[in-house]
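So the structure is just underneath, and the comments pick up after that.
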Amino acid sequence: SVLDVNDAPVVLMPALSLPEDSLPNRMIGTLQGTDPDGDALTFSVNSLTGVRFSVNNSNVFYVSGALDFETAPTLLVSITANDGLATSAPLLVSVTVTNANDLPVLQVLSRDIVSEILPV
């Protein structure tokens with residue numbers, strides 16, 4: 001006789017893109033996966049590049065931290081799915097941060113006072 005064993009789920013997620021001026025806790029999308037046994041899935045996310053990500057009980061995926069194109073134009077996130085008995089292999093997802101028009105920064109170059117009667 002053949003015993004049916006639980007098969008691990010598989011995470012399905014396309015590459016993602018977000019503008020750098022995204023506010024913290026912005027929804028990225030809903031995590032999806034398949035399970036050969038038809039079990040309900042829960043997901044875990046782990047940032048590999050410092051920016052925090054999270055997932056809620058409805059499998060909605062959020063960016064929890066600030067994004068900056070100039071310092072990190074691409075972020076890597078490891079996502080796994082669990083069906084209660086087995087965990088999927090991690091899926092590495094690339095999140096591309098797109099550039100936004102940053103406000104100019106005024107810089108004071110010198111605080112020296114120059115007398116107007118001194119020769120040049």
Side-chain angles (χ1 to χ4, degrees):
S1 77
V2 177
L3 294 176
D4 186 25
V5 295
N6 186 66
D7 296 306
V10 176
V11 177
L12 305 171
M13 194 73 193
L16 302 167
S17 178
L18 289 172
E20 74 174 322
D21 56 357
S22 296
L23 296 174
N25 298 317
R26 176 187 169 140
M27 183 180 115
I28 299 172
T30 301
L31 297 176
Q32 298 179 355
T34 61
D35 183 66
D37 304 304
D39 298 324
L41 301 177
T42 57
F43 294 88
S44 297
V45 296
N46 182 29
S47 175
L48 303 177
T49 49
V51 172
R52 292 183 351 185
F53 293 89
S54 61
V55 61
N56 68 14
N57 292 337
S58 299
N59 298 329
V60 176
F61 185 35
Y62 293 89
V63 60
S64 303
L67 303 176
D68 184 19
F69 172 82
E70 285 74 23
T71 59
T74 303
L75 307 171
L76 288 176
V77 182
S78 173
I79 302 173
T80 57
N82 185 287
D83 66 3
L85 297 172
T87 300
S88 69
L91 175 67
L92 293 180
V93 175
S94 175
V95 179
T96 300
V97 178
T98 58
N99 199 12
N101 188 18
D102 297 327
L103 295 174
V105 177
L106 178 62
Q107 295 179 345
V108 176
L109 300 177
S110 173
R111 294 179 189 238
D112 294 338
I113 299 174
V114 178
S115 171
E116 65 181 81
I117 58 171
L118 291 176
V120 178

Exercise. S47 and G50: which non-hydrogen atoms are nearest, and at how many Å?
Worked result: OG-N, 3.4 Å
Problem set entry | Shortest non-hydrogen contact between N56 and S58, atoms and distance | OD1-N, 2.8 Å
Seminar exercise, completed: Residues at least two apart in sequence or cross-chain that pass side chain to side chain contact (heavy atoms under 4.5 Å, CB included) with T87, listed by chain then number, are T80, N82
Seminar exercise, completed: Of all heavy-atom pairs linking V55 and V45, the shortest is N-CG2, 4.2 Å
For this session: Write down the atom of S88, the atom of V11, and the distance for their closest heavy-atom approach.
Result: OG-CG2, 3.5 Å
Exercise. Would you say the side-chain atoms of E20 pair up with the backbone N or O of V97, donor to acceptor, closer than 3.5 Å?
Worked result: no
Exercise. Do the side chain of T49 and the main chain of L76 share a donor and acceptor less than 3.5 angstrom apart?
Worked result: yes
Seminar exercise, completed: The complete set of ring pair (Phe, Tyr, Trp, His ring centres under 6.0 Å) pairs with one or both residues in residues 57-93, sequence neighbours excluded, reads F53-F61
Exercise. For N25, does the CG atom sit with more than 12 other heavy atoms under 6.0 Å from it, leaving out its own atoms?
Worked result: yes
Exercise. Which pairs count as ring pair (Phe, Tyr, Trp, His ring centres under 6.0 Å) when at least one residue sits in residues 19-43, sequence neighbours excluded?
Worked result: none
Exercise. Counting distance only, does the side-chain N/O of N59 pair as donor-acceptor with the main-chain N or O of T30 below 3.5 Å?
Worked result: no
For this session: State whether the side chain of S78 and the backbone N or O of P90 hold a donor-acceptor pair below 3.5 Å, judged by distance alone.
Result: no
Seminar exercise, completed: One should read off an interatomic distance between T34 OG1 and L41 CG, to the nearest 0.5 angstrom, of 7.5 Å
Exercise. Short question: side chain of D37, backbone of D39 - any donor-acceptor pair under 3.5 Å?
Worked result: no
For this session: Can you see which heavy atom on A8 is nearest to which on P36, and at what distance?
Result: O-CD, 3.6 Å
Problem set entry | Value rounded to 0.5 Å, distance of CG in L67 from CG in N99 | 12.0 Å
Seminar exercise, completed: Interatomic distance, CG@D83 vs CG@D7, rounded to 0.5 Å, equals 8.5 Å
Exercise. If you round to the nearest 0.5 Å, how far is CG of L18 from CG of L75?
Worked result: 8.0 Å
Seminar exercise, completed: The reported gap from CG in L16 to CD1 in I28 (rounded to nearest 0.5 angstrom) is 6.0 Å
Problem set entry | Same apolar cluster (I L V M F W Y, side chains within < 4.5 Å links), I79/V10 | no
For this session: Say whether S64 and S54, considering side chains only, have a donor N or O and an acceptor N or O under 3.5 Å apart.
Result: yes
